[in-house]
Number of protein chains: 2
Amino acid sequence: MSQSFTEENYLKAIYKLSRRSDKGVSTNALAERMETKASSVTDMLKKLAAKKLVNYEKYQGVTLSKKGQQIAVDIIRKHRLWEVFLLEHLGFSGEEVHQVAEELEHINSETLIDRLDKFLGYPKYDPHGGPIPDSKGVFPEPKRVKLDELEVGRKTKVMGITEHSDAFLSHLKKLGLELGTNFHLKERFDFDRSVEIELNGKTVQLSYDVAKNIFVSHNS
Amino acid sequence: MSQSFTEENYLKAIYKLSRRSDKGVSTNALAERMETKASSVTDMLKKLAAKKLVNYEKYQGVTLSKKGQQIAVDIIRKHRLWEVFLLEHLGFSGEEVHQVAEELEHINSETLIDRLDKFLGYPKYDPHGGPIPDSKGVFPEPKRVKLDELEVGRKTKVMGITEHSDAFLSHLKKLGLELGTNFHLKERFDFDRSVEIELNGKTVQLSYDVAKNIFVSHNS
DNA sequence: ATCTATTTTTAGACTTATCTAAATATTAGT
DNA sequence: ACTAATATTTAGATAAGTCTAAAAATAGAT
Ligand SMILES: [Mn+2]
Ligand SMILES: [Mn+2]
Ligand SMILES: [Mn+2]
Ligand SMILES: [Mn+2]
């Protein structure tokens, strides 16, 4: 089965919005992202559901099916590979790139994208650090960043620590943080570089001394 | 104003079909080329006429307006530049290339195509000898080839001669060949390198001695 | 010049993607 | 629990591109 550009853009949008909350994506969030009306979104969700690309129940939000997710990941692969090409080989810069990649990502040829991948030397990250899935849809190991450098708003995961004292370890435990814990970076306060995170519904404050010793994933 | 993929494909088809007859292109010819129905063609011609991209009067066939021609030539430029990229840089071959270029030609970014042109070194011909118009829509001088070297199956045109005797000139005249005459190279016979061409519906044989003295265009 | 075959256009219908306005369901505040 | 605000869905329209079947125009052949 084949998808229209529009369907592909919806699938990608659902994928991206899903990464910041494990509940289904709301109709309005999708409408805002797609710059369209909620009613149009409802129409499209019905169609995608009929094609078994999403799980959708009215009023309950939407999630991607296995198949829908595969397609979304493939579009992201194409988008990022084209961005690498545009930036590294054609000398593009900044926002221009994204707009053009937004169209190129829908060109439908497996041969094309696999050869482009080879031509580019199988890059693992696009120029903004976004990970590029391989032709099987597998993402590379996420880049690690210290929590004090992570962009505010990111959903992330504890990947490691750089301080191993008992005091630090027990402090983390009390906060509910351990290797693999997923959380959301809500805010960073300039005056002391402390951060506010949300994990499992709880809001927690971390001082700069804590944040600078935690490695977190930089993907998604 | 912007065009849909479909409109662009129609404009390109009209352009190509126009090159072998100075009358308007017929609805049926277009329908066959576009692999669609005559009624669909009529619908589209009305729309293109409303946009002033074609000159159309019912039952009289269609020709491109100045603006329509500019668009068609630009699509051809994009198509051929992408084909050069696919063949020379991604290692594509043959028919694969054409199908992918058929989609890439509709990506809408002047910056993209001009940078691609630069990246490719401003090629003047695609790998099959098709001339590539520049960013102003100007085609390069067509390549000239001796008729005895032209690929069988080509449609071509007399571009010059390398023998100027009265005997040769009158022979050409009798055959119906003169500067600018369009014809179709149907066959070449190995044993004496003579060729069979078709011009204005007539089939004509030319000996190797004649063929080797005629320059023909190598584009189209 | 008339009739016939072919080409082209029209009429009416369908699909996809969109919209506005109205109806309905959910959520949040009291 | 009730009500008000918000979110979502439905109903009904529109525009693009296509199709089939039927009507109309043109071209070809006697
Ligand atoms: Mn991008
Ligand atoms: Mn896109
Ligand atoms: Mn081609
Ligand atoms: Mn095309």
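Reckoned from all heavy atoms, side chains included, excluding hydrogens, waters and symmetry mates. Sequence lines set the chain letters: A, B, ... in the order given, protein chains first and strands last, and positions in each chain run from 1.
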request  = Give the rounded distance in Å between these two atoms: NZ of B/Lys23 and C1' of D/dT26.
outcome  = 11 Å
task = Starting from P on D/dA16, measure out to CD on B/Glu8 and report it in whole angstrom.
result = 16 Å
task = Rounded off to whole Å, could you give me the CG-to-P distance for the A/Leu30 and C/dT18 pair?
result = 11 Å
ask   = Expressed in angstrom and rounded to an integer, what is the separation of A/Glu32 atom CD from D/dA7 atom P?
value = 10 Å
key: Partner residues of B/Thr63 under the side chain to side chain donor-acceptor pair (under 3.5 Å) criterion, sequence neighbours left out   = B/Asn55
Charged N-O contact under 4.0 Å between B/Arg77 and B/Asp114 = yes
task = Applying side chain to side chain contact (heavy atoms under 4.5 Å, CB included), name anything that partners A/Thr111, two or more places apart in sequence or on another chain.
result = A/Ser109, A/Arg115, B/Phe92, B/Glu96
ask   = So, is B/Thr36 near the phosphate of D/dC19, with a side-chain N or O under 4.0 Å from OP1 or OP2?
value = yes
key: Rounded distance (Å) that lies between atom P of D/dA16 and atom NZ of B/Lys37   = 23 Å
ask   = Considering residues at least two apart in sequence or located in another chain, which fulfil the side chain to side chain contact (heavy atoms under 4.5 Å, CB included) criterion with A/Glu149?
value = A/Val145, A/Lys146
Listed pairs, N/O of protein and of nucleotides 8-15 of chain D, under 3.5 Å:
{"residue": "D/dT8", "atom": "OP2", "partner": "A/Asn28", "partner atom": "N", "Å": "2.7"}
{"residue": "D/dT9", "atom": "OP1", "partner": "A/Tyr56", "partner atom": "OH", "Å": "2.4"}
{"residue": "D/dT9", "atom": "OP1", "partner": "A/Tyr59", "partner atom": "N", "Å": "2.9"}
{"residue": "D/dT9", "atom": "OP2", "partner": "A/Thr27", "partner atom": "OG1", "Å": "2.9"}
{"residue": "D/dT9", "atom": "OP2", "partner": "A/Thr42", "partner atom": "OG1", "Å": "2.8"}
{"residue": "D/dT9", "atom": "OP2", "partner": "A/Tyr56", "partner atom": "OH", "Å": "3.4"}
{"residue": "D/dT10", "atom": "OP1", "partner": "A/Lys58", "partner atom": "NZ", "Å": "2.6"}
{"residue": "D/dT10", "atom": "OP2", "partner": "A/Lys46", "partner atom": "NZ", "Å": "2.6"}

note = By side chain to side chain contact (heavy atoms under 4.5 Å, CB included), B/Glu151 pairs with (sequence neighbours left out) B/Arg154, B/His218
ask   = Taking atom P of C/dT9 as reference, at what distance in whole Å does atom CE of B/Met44 sit?
value = 14 Å
Side chain to side chain contact (heavy atoms under 4.5 Å, CB included) against B/Lys124, all qualifying residues, sequence neighbours excluded = B/Pro140
